[in-house]
Peer 1: 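Got a structure here, written out as structure tokens. Questions coming.
Naming convention: chains lettered A, B, ... in sequence-line order (proteins, then strands); numbering from 1 in each chain. Atoms considered below: every heavy atom in the structure, side chains included; atoms not considered: hydrogens, waters and symmetry mates. Just so we're clear, the structure is a prediction, and the values are computed from it rather than from any experiment.
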Amino acid sequence: MKEIPPAYNPQDHEAQIYSIWEKSGAFTPEVPNETPTSAEASERDSGSPSANTAKKPFAISMPPPNVTGKLHIGHALFITIQDIMTRYHRMKGEPTLWLPGTDHAGIATQSVVDKALQKKGTSRRELGREKFVEEVWKWKQQYGDEITRQLRSVGASCDWSRERFTLDEGLSRAVSEAFKRLYDKGLIYQGLRTVNWCPKCHTAIADDEVEYKKETGKFYHIKYGPFTLATARPETKLGDTAVAVHPSDKRYKEMVGKKYMIKGVLGDFEIEVVADNAADPKFGTGAIKVTPAHSLIDFEIAQRHNLPIKQVIDENGRMMQNTGKYAGMKTREAREAIVEDMQKMGLIEKIDENYQHNIAVCYRCGGQIEPIPSKQWFVKMRPLAEKAKKAVESGEVKIVPKRFEKVYFQWMDNIRDWCISRQLWWGHRIPVWYYKQEDQKSKVKNQNDNEKIENPKIYVGTTPPPDPENWIQDEDVLDTWFSSALWPFSTLGWPDEQASDYKYFYPTSVMETGYDILFFWVARMVMMGLELTDKPPFKTVYLHGLVRDEQNRKMSKSLGNVLDPLDVSAKFGTDAMRMALVVGTTAGNDIAVGEGKIKGYRNFSNKLWNIARFVISNIEDGSIQINDLELSKDLKLSKQDEQDIKKFKEIAKKTTEYLDKFQFSRAGEMLYDFTWHEFADKIIEQAKDRLNNGSEEDKRAVLAKLLFILKGILGLLHPFIPFVTEAIWQIIPKTSGESELLISHAWPTYEGED
RNA sequence: GAUCGUGUAGCUCAGUUGGUUAGAGCGCGUCGUUGACAUCGACGAGGUCACUGGUUCGAGUCCAGUCACGAUCACCA
């Protein structure tokens, strides 16, 4: 008899078990032959069951982590939830695909590599585009595997043979194909518009990549011709071209449509008074100065009233040549200088010192955003949003929890066009070429005033133009989220609609991700999926929350409360960590996790191990044949035995129901409770007497019951705690009908047995 | 400012079609265990389910309002 150690030590098992799984091929689903031969077809018609055609496939695309990223507890959470679904459906016999991959993460990766270069005394600009991109690829080769190695250590049973990277050849093809199709439909256009510009990252960013930070600053009330109005940024006054008031504001009724000369620090200038709903009559004096070049709102006002656009700040965040003595100053310096001059001229009425306002910062680098006019590419969102909204309204796409549907609708209703070009080097280069003769300077930005853009002769294609020497490709790359938006289908072979994976697994079953990227990612996937494939890319969206510490604080380095999933799983076991992340949490809500909770589930793993140890040792003590312990055999089960078995079957049924309804916490908690407080504390305790003193026949009956329940529990718990359950499965006596590996075993179900 | 969410035991949270004495883990108290169990078991204390009102035979659960906290969106007028 083999000695089973009295304690379960995860480290003795996990790595080995993972490699057994991986080698077994269990992670890779079988795709049935798409075009069945006539023989196969007739075989199917004749009703002979074929494992893969009988069941519908189940597919999840894994949200791709950043290539250069390091595994954090949030990854561990989504891996756990997705792995639970994957293992559950796989055990149910459905061909199950969980497709992993990584994201090139434009700005993030570029700045990481750039910083590393700067440490070495060089920089991205010094190297030039080509060399720099080579450097980033080297980084990707070197560090890109780290994150996927770490995903394995958390037990992710995903199909590594289908691993993808957003800059792979196939996915890049999908990106340019998508761009071209949208362009041809008029859904992508180029425009000179005021955009959110990050002077630090030196690129435009999308509206939803802007974050707001509270700041206390000065608020200047200035004399402005016949008006008095207030601003926190007097330096933008140099770019003013209008004053806006609300159409219903009686105070200014007679001024609307007239032009006034305004006294300014660089001499007098002319503004027009326009009536626009953007002006709130209740705020301040009800009149606002309009600086179309340096405010997105003002730009929109300018468009509505056909106002001139005057740019005075450049892409480095400095005052431009047309600002006279202020030229070259940073905006903050210029502000002080201008205020001083205005005070001398008596143009300042008063200054509020403690004005609370929000400043726009870049979500990547935290630098202050400087809206400037710039020529960028945009996606026309309205038509896409309408379809995407309908898909959720109709129930074609379900969001769990449901309340996020409202948030989703709100976003869709108030959507603005999406700026997709980025002035970066790392990413998908925009598949647009300009004809050299006509538009050498097509990318010149910062044109003064409202110079119209000449539409250059352009070529949009998935491959370069046939005579490339005459063309020059757009310098910019696409927003990372553009390629992410295609992820559920680009990874399956789209645009090749005949690709077997695409045909078989698309649309995917579930999209599991954090509620924080509902807009960035989920919404855009739905829009792109509907537009490009005519189908929503998934049927259900399951949103999880943020992982917080046990006091419900955000995890941060400065608080020192960051849980490193690799440390945790080394210390308590991956299974314990997984249980801690899943039990006691519900969709869309944040999760509090600390060592105490994880420890509790470490004990649970150990409990389960000892339950098994007890049952196995009792089997091996006797002379009973394993095949004689099957419930189908003639056994003298007591009434109690039958009740216990019935109770267990009820648990199995409920587990299935909970999992089908995405109630992972309830399933996990119920199994925990049953295993420990029912099976161990009652059923096993009561069995002891019969095992020690009962007749052979009675012993056999009890033992058969214990073994039956134990094996069932292992199956039910396997999606949650795959390692211990598999480790136990490896040492438990099995009958000939049972699978060697628990991962490939059938899901415990007893439909129609009673 | 708009919208959404949360408020249940000392702490972290479950409680999804309204139905008997409101649950778990951790923590706490008493006792017992070292022949499955880096422990484990038995028993226990602890709750006006934020507050007010309503619907109902019956409300933690549904409705209205109040308070507190949080999030998202909009905003540098």
Peer 1: Looking across every strand, which nucleic acid part, if any, lies under 4.0 Å from A/Ala612 by heavy atom: base, sugar-phosphate, or nothing?
Peer 2: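 Nothing, no heavy atom under 4.0 Å.
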
Peer 1: Please classify the nucleic acid contact of A/Arg613 as base, sugar-phosphate, or nothing, using heavy-atom distances under 4.0 Å.
Peer 2: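 Sugar-phosphate, backbone atoms only, no base.
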
Peer 1: Please give the distance between the C1' atoms of B/A22 and B/U3 as a whole number of Å.
Peer 2: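 Here B/A22 and B/U3 have their C1' atoms 32 Å from each other.
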
Peer 1: Between A/Phe604 and A/Tyr8, is a ring-ring contact (aromatic ring centres under 6.0 Å, His included) present by the stated rule, with each step listed?
Peer 2: CA-CA 10 Å; A/Phe604 179 60; A/Tyr8 172 70; over 10 Å; no

Peer 1: Are A/Tyr601 and A/Phe572 an aromatic pair by the rule of ring centers under 6.0 Å?
Peer 2: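 No, they do not, as the ring centres are separated by 6.0 Å or more.
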
Peer 1: Between B/C37, B/C40, B/A77, spot the one nearest the side chain of A/Asn603, thanks.
Peer 2: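 Nearest nucleotide to the side chain: B/C40.
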
Peer 1: Atom CZ of A/Phe604 to atom P of B/C37: distance rounded to whole Å?
Peer 2: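 Distance, rounded to whole Å: 18 Å.
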
Peer 1: What residues in residues 588-601 of chain A put a non-hydrogen atom under 4.0 Å from any atom of RNA chain B?
Peer 2: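 Heavy-atom cutoff 4.0 Å gives A/Asn589, A/Ala592.
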
Peer 1: Kindly point out which of B/C73, B/C76, B/A36 is positioned nearest to the side chain of A/Ala232?
Peer 2: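 Nucleotide nearest to A/Ala232's side chain: B/C76.
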
Peer 1: Will you find, in the side chains of A/Lys250 and A/Ser248, an N or O donor that is under 3.5 Å from an N or O acceptor?
Peer 2: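 No, no side-chain donor-acceptor contact under 3.5 Å.
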
Peer 1: As a test of understanding, state which of A/Asn603, A/Ile721, A/Asp575 forms a side chain to side chain contact (heavy atoms under 4.5 Å, CB included) with A/Leu608.
Peer 2: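 In the set A/Asn603, A/Ile721, A/Asp575, the residue that makes a side chain to side chain contact (heavy atoms under 4.5 Å, CB included) with A/Leu608 is A/Ile721.
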
Peer 1: Mind checking the C1' distance from B/U21 to B/C28? Whole angstroms is fine.
Peer 2: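 One C1' to the other, the span is 23 Å.
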
Peer 1: Of all the nucleotides listed (B/A77, B/A24, B/U16), which has the minimum atom distance to the side chain of A/Ile288?
Peer 2: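 For the A/Ile288 side chain, the nearest candidate turns out to be B/A77.
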
Peer 1: Given the C1' atoms of B/U39 and B/G47, what is the spacing between them in whole Å?
Peer 2: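 Those two atoms are separated by 31 Å.
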
Peer 1: Just the rounded figure in Å: distance from C1' of B/G23 to OH of A/Tyr672.
Peer 2: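 About 14 Å, once rounded to whole Å.
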
Peer 1: Using only heavy-atom distances, determine whether the side chains of A/Gln640 and A/Arg690 contain a donor-acceptor pair under 3.5 Å.
Peer 2: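 There is no such pair (donor and acceptor under 3.5 Å, judged by atom type) between the side chains of A/Gln640 and A/Arg690.
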
Peer 1: Please report, rounded to the nearest Å, how far the P atom of B/C73 is from the CZ atom of A/Arg416.
Peer 2: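 Rounded to whole Å, this separation is 13 Å.
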
Peer 1: Using a cut-off of 4.0 Å on non-hydrogen atoms, how would the nucleic acid contact of A/Tyr355 be classed: base, sugar-phosphate, or nothing?
Peer 2: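 The residue A/Tyr355 makes sugar-phosphate contact but no base contact.
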
Peer 1: Between B/C4, B/G25, B/A14, spot the one nearest the side chain of A/Lys406, thanks.
Peer 2: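 Side chain of A/Lys406 sits closest to B/C4.
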
Peer 1: Go ahead and write out RNA chain B as dot-bracket, 5' to 3': ( ) for pairs within the strand, [ ] for ones crossing earlier pairs, | when the partner sits on another strand, dots for unpaired; Watson-Crick or G-U wobble, both distances under 3.5 Å.
Peer 2: (((((((..((((.....[...)))).(((((.......))))).....(((((..]....))))))))))))....

Peer 1: What nucleotide, of B/A36, B/A38, B/U16, holds the atom closest to the side chain of A/Phe614?
Peer 2: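 Looking only at side-chain atoms, A/Phe614 lies closest to B/A36.
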
Peer 1: Under 4.0 Å, heavy atoms only, any strand: does A/Ala278 hit a base, just the sugar-phosphate, or nothing?
Peer 2: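 Since a base atom lies under 4.0 Å of A/Ala278, the category is base.
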
Peer 1: Within the structure shown, what part of the strands sits under 4.0 Å from A/Asn9 by heavy-atom distance: base, sugar-phosphate, or nothing?
Peer 2: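 Base contact.
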
Peer 1: I'd like to know if A/Asp208 pairs up with A/Arg416 as an ion pair, taking the criterion as any Lys NZ or Arg NE/NH1/NH2 lying under 4.0 Å from an Asp or Glu carboxylate oxygen.
Peer 2: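 Salt bridge flag = no for A/Arg416 with A/Asp208.
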
Peer 1: Base, sugar-phosphate alone, or nothing: which one does A/Ala7 contact when heavy atoms must sit under 4.0 Å apart?
Peer 2: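 If one applies the 4.0 Å heavy-atom cut-off, A/Ala7 turns out to touch a base.
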
Peer 1: Is A/Thr285 touching bases, backbone alone, or none of the nucleic acid, heavy atoms closer than 4.0 Å?
Peer 2: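 Counting heavy atoms under 4.0 Å across all strands, no contact is made by A/Thr285.
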
Peer 1: Rounding to the closest angstrom, what is the interatomic distance between B/G23 and B/U48 at atom P?
Peer 2: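 To the nearest whole Å, 15 Å.
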
Peer 1: Take A/Ile369 and A/Asn414, find for each the nucleotide of RNA chain B with the closest heavy atom, and name the residue whose nucleotide sits nearer the 5' end.
Peer 2: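 By nearest-heavy-atom nucleotide position, the 5'-most residue is A/Asn414.
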
Peer 1: Give one of base, sugar-phosphate or nothing for A/Arg335, where a contact means two heavy atoms less than 4.0 Å apart.
Peer 2: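 Since no nucleic acid heavy atom lies under 4.0 Å of A/Arg335, the category is nothing.
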
Peer 1: Please determine, for the side chain of A/Asp681, which listed nucleotide (B/U72, B/U3, B/A42) has the closest atom?
Peer 2: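 So the nucleotide nearest the side chain must be B/A42.
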
Peer 1: Using the ring centroid of each side chain, check whether A/Phe520 and A/Tyr363 are separated by less than 6.0 Å.
Peer 2: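 They qualify: ring centres under 6.0 Å apart.
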
Peer 1: Rounded off to whole Å, could you give me the CD-to-P distance for the A/Glu211 and B/A71 pair?
Peer 2: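 So the two atoms are 12 Å apart, to the nearest Å.
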
Peer 1: Considering only the P atoms, how many Å lie between B/G60 and B/C49, rounded to the nearest integer?
Peer 2: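 About 7 Å, rounded to a whole number of Å.
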
Peer 1: Among the nucleotides B/A74, B/C4, B/G25, which one has an atom lying closest to any side-chain atom of A/Tyr212?
Peer 2: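 Selected nucleotide (nearest to the side chain): B/A74.
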
Peer 1: Under 4.0 Å between a side-chain N or O of A/Trp676 and OP1 or OP2 of B/G41?
Peer 2: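 True: A/Trp676 side-chain N/O within range (under 4.0 Å) of B/G41 OP1/OP2.
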
Peer 1: I'd like to know if the side chain of A/Glu235 reaches the main chain of A/Arg332, judged simply by a donor and an acceptor atom lying under 3.5 Å from each other, with no hydrogens or angles considered.
Peer 2: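 Between the backbone of A/Arg332 and the side chain of A/Glu235 there is no qualifying donor-acceptor contact (under 3.5 Å).
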
Peer 1: Do the ring centers of A/Phe679 and A/Phe648 come within less than 6.0 Å of each other?
Peer 2: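 For A/Phe679 and A/Phe648, the ring centres are not under 6.0 Å apart.
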
Peer 1: Counting any heavy atom closer than 4.0 Å, what does A/His246 reach on the DNA or RNA strands: base, sugar-phosphate only, or nothing?
Peer 2: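 No contact.
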
Peer 1: Atom CG of A/Asp352 to atom C1' of B/A77: distance rounded to whole Å?
Peer 2: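 After rounding, the reported distance stands at 12 Å.
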
Peer 1: Measure from CE on A/Met579 to P on B/G25 and round the result to the nearest Å.
Peer 2: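 Result: 12 Å.
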
Peer 1: So does A/Glu678 pair up with A/Lys647, basic N to acidic O under 4.0 Å?
Peer 2: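 Salt bridge flag = yes for A/Lys647 with A/Glu678.
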
Peer 1: Rounded to the nearest Å, what distance is computed from the CZ atom of residue A/Phe409 to the P atom of nucleotide B/C4?
Peer 2: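 Interatomic distance, CZ of A/Phe409 to P of B/C4: 14 Å.
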
Peer 1: Should the pair A/Lys310-A/Asp240 be classified as a salt bridge under the 4.0 Å nitrogen-to-oxygen rule?
Peer 2: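 A/Asp240 and A/Lys310: not salt-bridged.
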
Peer 1: Please classify the nucleic acid contact of A/Asp280 as base, sugar-phosphate, or nothing, using heavy-atom distances under 4.0 Å.
Peer 2: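 The answer is base, as A/Asp280 lies within the cut-off (heavy atoms under 4.0 Å) of a base atom.
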
Peer 1: Rounded off to whole Å, could you give me the NZ-to-P distance for the A/Lys682 and B/G41 pair?
Peer 2: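 Distance, rounded to whole Å: 11 Å.
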
Peer 1: Do A/Gln410 and B/A74 share a donor-acceptor pair, side chain to base, under 3.5 Å?
Peer 2: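 Answer is no: no donor-acceptor pair is held.
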
Peer 1: Using only side-chain N and O atoms of A/Ser617, determine if any of them is under 4.0 Å from OP1 or OP2 of B/A36.
Peer 2: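 For B/A36, neither OP1 nor OP2 has a side-chain N or O of A/Ser617 closer than 4.0 Å.
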
Peer 1: Which of these nucleotides, B/U39, B/A36, B/A74, is closest to any side-chain atom of A/Ala680?
Peer 2: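 Comparing B/U39, B/A36, B/A74 against the side chain of A/Ala680, the answer is B/A36.
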
Peer 1: Can you find a side-chain donor-acceptor pair between A/Asp352 and A/Tyr220 that sits under 3.5 Å?
Peer 2: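 Not at all, the side chains of A/Asp352 and A/Tyr220 share no donor-acceptor pair under 3.5 Å.
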
Peer 1: Mapping A/Thr585 and A/Asn358 onto RNA chain B by nearest heavy atom, which one lands closer to the 5' end?
Peer 2: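 Residue closer to the 5' terminus by nearest nucleotide: A/Thr585.
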
Peer 1: In whole angstrom, give me the gap between the C1' atoms of B/A59 and B/G15.
Peer 2: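 Going atom to atom, C1' in each nucleotide, I get 14 Å.
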
Peer 1: B/U39, B/A36, B/C73: which one has an atom nearest the side-chain heavy atoms of A/Arg602?
Peer 2: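 Nearest nucleotide to the side chain: B/U39.
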
Peer 1: If you look at every strand shown and take non-hydrogen atoms under 4.0 Å, does A/Glu215 touch a base, only sugar-phosphate, or nothing?
Peer 2: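 Nothing, no nucleic acid heavy atom in range.
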
Peer 1: Tell me whether the centres of the aromatic rings in A/Tyr515 and A/Phe404 are closer together than 6.0 Å.
Peer 2: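 Ring-ring flag for A/Tyr515/A/Phe404: true, centres closer than 6.0 Å.
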
Peer 1: Give a yes or no on whether a donor-acceptor pair under 3.5 Å exists between the nucleobase atoms of B/A36, that is its base, and the side chain of A/Lys688.
Peer 2: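 Counting by modelled atom types and ignoring angles, a donor-acceptor contact under 3.5 Å is found here.
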
Peer 1: Which nucleotide in the set B/C37, B/G25, B/A77 lies at the smallest distance from any side-chain heavy atom of A/Arg233?
Peer 2: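 It is B/A77.
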
Peer 1: Please give the distance between the P atoms of B/A14 and B/G7 as a whole number of Å.
Peer 2: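 The same atom, P, in both gives a distance of 7 Å.
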
Peer 1: Do the side chains of A/Lys571 and A/Glu595 get close enough for a salt bridge, i.e. N-O under 4.0 angstrom?
Peer 2: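 Looking at A/Lys571 and A/Glu595, the cut-off is met.
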
